[in-house]
S.K.: 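Take a look at this one; I'll ask things after.
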Amino acid sequence: GASPAIPPIPGLAEAGYLTSATALSLCALPESVLVLGGGYIAAELGQAFARLGSRVAILERGERLLRREGRAVAEALSAYLRAEGIAIHTGVAVRAVRRADGRVHVEAAVEGRPVTFSASHLLVAAGRRPNTAGLGLEEAGVGLAPEGGVAVDDHLETAVEGVFAAGDAVRRPLFVYTAAYEGALAAENALGTRKRARDYAGLPWVIFTDPQVGGVGLEEEEARAAGIDAEAVTLPLDLVPRSVVARDTRGFIRLIRDRATDRLVGARILAAGGGELVAEASLAIKQGIPVADLAAAFHPYLTLSEGMKLAALQFRKDVSKLSCCAG
């Protein structure tokens with residue numbers, strides 16, 4: 001599989017640090033936590049420790065949290081985390097780590113200015129690295145990709161005929177459900193008479209913060225870069241009846257379609273329980289269901305899923321002017 005990636009920062013090993021695994025084995029709540037990284041794990045564990053009562057600061061080297069996601073999602077989630085008291089520092093170039101007076105001190109530069117961040121604990125959440133070192137793979141003719149994962153073709157076969165690899169060891173995507181899918185596919189291709197290629201059309205993912213982030217497919221900029229005449233709509237949750245009565249209108253539902261075909265090409269959902277909605281968007285992309293069909297489909301009133309219908313309607317009418325349940 002894979003293990004937490006530990007960046008080569010001077011003094012880090014000597015100062016001591018937590019990872020996503022060891023952080024969940026603590027017997028006492030940290031007084032304060034510095035989180036190195038700004039991806040899924042950093043956001044999820046940072047919020048978890050903050051809600052348990054730790055003072056949390058996230059240190060991200062990029063310009064924003066979740067830099068691989070769209071700006072709208074990243075900025076909105078960052079605002080919600082900050083509202084809970086989590087400090088988010090971006091543009092942080094870490095220079096060294098040291099331990100003194102029972103605390104961990106991270107020496108960094110922010111916009112060229114020297115800054116020192118201190119806390120009782122340090123959590124390294126800088127991604128994951130495939131567990132391929134020391135296996136002698138290259139000597140056996142099994143090549144490695146630039147990021148360290150096993151190089152495979154679309155059938156999960158390596159450069160050595162009859163040798164297959166699957167899951168986190170082949171790098172992305174790093175999800176338990178894709179690892180299970182690839183394991184079964186690799187076994188089928190290794191033992192069967194026919195080979196099937198990996199198919200990740202409509203692959204959904206979820207970031208388990210509160211609110212959750214659910215996504216599938218392309219963002220608008222990605223779709224246009226791929227030559228698609230993309231159009232996006234964003235439905236704020238204060239237009240979704242279920243969110244209103246639940247008194248939690250944080251977030252939005254964002255759909256991206258191909259104007260030429262009216263097919264959904266992507267979705268981003270920021271909502272409490274938003275991960276439960278992404279499966280519908282995933283199925284629509286996988287099966288090529290037109291957005292007009294999503295808008296016409298029955299969605300029970302006063303469920304969060306109704307938000308998907310309303311978002312689909314937003315492509316052709318102003319949902320804020322509709323009466324209850326109108327289509």
Side-chain angles (χ1 to χ4, degrees), residues 2-26 28-50 52-69 71 73-75 77-134 144-149 168 171-172 174 207 209:
S3 302
I6 308 301
I9 300 172
L12 179 60
E14 294 78 8
Y17 55 86
L18 299 170
T19 67
S20 56
T22 60
L24 302 178
S25 300
L26 293 173
L29 180 69
E31 176 266 330
S32 53
V33 181
L34 292 175
V35 182
L36 293 187
Y40 293 22
I41 296 173
E44 292 171 351
L45 290 183
Q47 186 179 47
F49 275 115
L52 288 169
S54 301
R55 287 188 295 107
V56 174
I58 296 176
L59 311 181
E60 162 58 28
R61 66 180 178 179
E63 65 173 351
R64 67 177 186 267
L65 207 64
L66 306 179
R67 63 181 182 274
R68 288 180 176 166
E69 306 308 329
R71 186 174 295 275
V73 167
E75 292 182 349
L77 181 61
S78 294
Y80 296 137
L81 295 179
R82 286 188 171 112
E84 294 187 18
I86 298 172
I88 300 175
H89 303 277
T90 57
V92 178
V94 176
R95 304 300 190 203
V97 177
R98 59 185 172 85
R99 180 173 291 276
D101 304 320
R103 297 174 67 79
V104 177
H105 306 276
V106 174
E107 298 174 356
V110 180
E111 297 181 352
R113 297 180 295 104
V115 180
T116 298
F117 302 95
S118 300
S120 64
H121 291 70
L122 175 65
L123 169 61
V124 177
R128 296 181 68 79
R129 177 175 291 118
N131 294 333
T132 54
L144 297 180
E147 293 182 320
D168 290 3
R171 198 56 182 162
R172 303 187 188 283
L174 298 175
I207 303 174
T209 49

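Values below: all heavy atoms of this structure, side chains included; hydrogens, waters and symmetry mates excluded.
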S.K.: For Pro30 and Phe49, which heavy atoms make the closest approach, and how far apart are they?
M.R.: CD-CE2, 3.7 Å
S.K.: Should His89 and Ile58 count as side-chain neighbours, where that means a heavy-atom distance under 4.5 Å?
M.R.: no
S.K.: Taking all atoms of both residues into account, what is the closest heavy-atom pair of Leu34 and Ala119, and its distance?
M.R.: CG-CB, 3.5 Å
S.K.: From Ile207 CD1 over to Tyr40 OH, what is the distance, rounded to the nearest 0.5 angstrom?
M.R.: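 Spacing of CD1 (Ile207) from OH (Tyr40) equals 4.5 Å.
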S.K.: About how many Å separate CD1 of Ile6 and CZ of Arg128, when rounded to the nearest 0.5 Å?
M.R.: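 If we round to the nearest 0.5 Å, Arg128:CZ and Ile6:CD1 are 10.0 Å apart.
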S.K.: Report yes if some heavy atom in the side chain of Asn131 is under 4.5 Å from a heavy atom in the side chain of Asp168; otherwise report no.
M.R.: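 They are not in side-chain contact.
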S.K.: Hey, what do you get for OG (Ser54) to CG (Leu45), rounding to the nearest 0.5 Å?
M.R.: 11.5 Å
S.K.: Indicate yes or no: at least one non-hydrogen side-chain atom of Arg99 is less than 4.5 angstrom from one of Glu14.
M.R.: no
S.K.: Please confirm whether the backbone N or O of Glu44 pairs with a side-chain atom of Thr209, one donor and one acceptor, at under 3.5 Å?
M.R.: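 No, the answer is negative, given that no donor and acceptor are paired below the 3.5 Å cut-off.
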S.K.: Using a 4.5 Å cut-off on heavy atoms from C-beta on, say whether the side chain of Ser32 contacts that of His121.
M.R.: no
S.K.: Yes or no on side-chain contact (heavy atoms from CB on, under 4.5 Å) for Ile88 and Thr90, after CA distance, side-chain angles and deciding distance?
M.R.: CA-CA 7 Å; Ile88 300 175; Thr90 57; 4.3 Å; yes
S.K.: Using a 4.5 Å cut-off on heavy atoms from C-beta on, say whether the side chain of Val35 contacts that of Ile86.
M.R.: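 No, side chains not in contact.
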S.K.: So, taking the atom named CG in Leu123 and the one named CD1 in Ile41, what distance separates them when rounded to the nearest 0.5 Å?
M.R.: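 Reported value, rounded in 0.5 Å steps: 8.5 Å.
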S.K.: How close do Thr22 and Tyr17 get, counting heavy atoms only, and between which atoms?
M.R.: OG1-O, 4.5 Å
S.K.: Determine whether Val97 and Val104 make a side-chain contact, defined as any pair of heavy atoms from C-beta on separated by less than 4.5 Å.
M.R.: yes
S.K.: Please check this pair: side chain of Thr19 against backbone of Ala21, looking for a donor-acceptor N/O pair closer than 3.5 Å.
M.R.: yes
S.K.: To check you understand the geometry: which heavy-atom pair defines the closest contact between Ala108 and Val94, and what is its length?
M.R.: CB-CA, 3.9 Å
S.K.: Within the 4.5 Å heavy-atom criterion, are Arg98 and Arg103 side-chain neighbours or not?
M.R.: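 No; the side chains remain at least 4.5 Å from each other.
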S.K.: CG of Leu66 to OG of Ser78: how many Å apart, nearest 0.5 Å?
M.R.: 6.5 Å
S.K.: Under a 3.5 Å threshold, yes or no: a donor from one side chain and an acceptor from the other, between Ser118 and His105?
M.R.: yes
S.K.: Less than 4.5 Å apart, any side-chain heavy atom of Val92 and any of Leu36?
M.R.: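 No - every pair of side-chain heavy atoms lies 4.5 Å or more apart.
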S.K.: For a quick test of reading the model, state the closest non-hydrogen atom pair linking Gly37 to Ala42 and the distance between them.
M.R.: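 Where Gly37 meets Ala42 most closely, the heavy atoms are O-CB, 3.2 Å.
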S.K.: Nearest 0.5 angstrom please: Arg95 CZ to Ile9 CD1, how far?
M.R.: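 Answer rounded to 0.5 Å: 11.0 Å.
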S.K.: If you draw a 6.0 Å radius around CZ in Arg61, do more than 12 non-hydrogen atoms from other residues or ligands fall strictly inside?
M.R.: no
S.K.: Can you tell whether the side chains of Arg67 and Glu60 come within less than 4.0 Å, N to carboxylate O?
M.R.: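 Between Glu60 and Arg67 there is a salt bridge, with a charged N closer than 4.0 Å to a carboxylate O.
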S.K.: Between Glu31 and Arg55, does any NZ, NE, NH1 or NH2 come within less than 4.0 Å of an OD or OE carboxylate oxygen?
M.R.: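 Here Arg55 pairs with Glu31 in a salt bridge, since their nearest N and O are under 4.0 Å apart.
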S.K.: Please answer whether the main-chain N or O of Ala74 pairs with a side-chain N or O of Arg64 as donor and acceptor at a distance below 3.5 Å.
M.R.: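 Not a single qualifying donor-acceptor pair exists.
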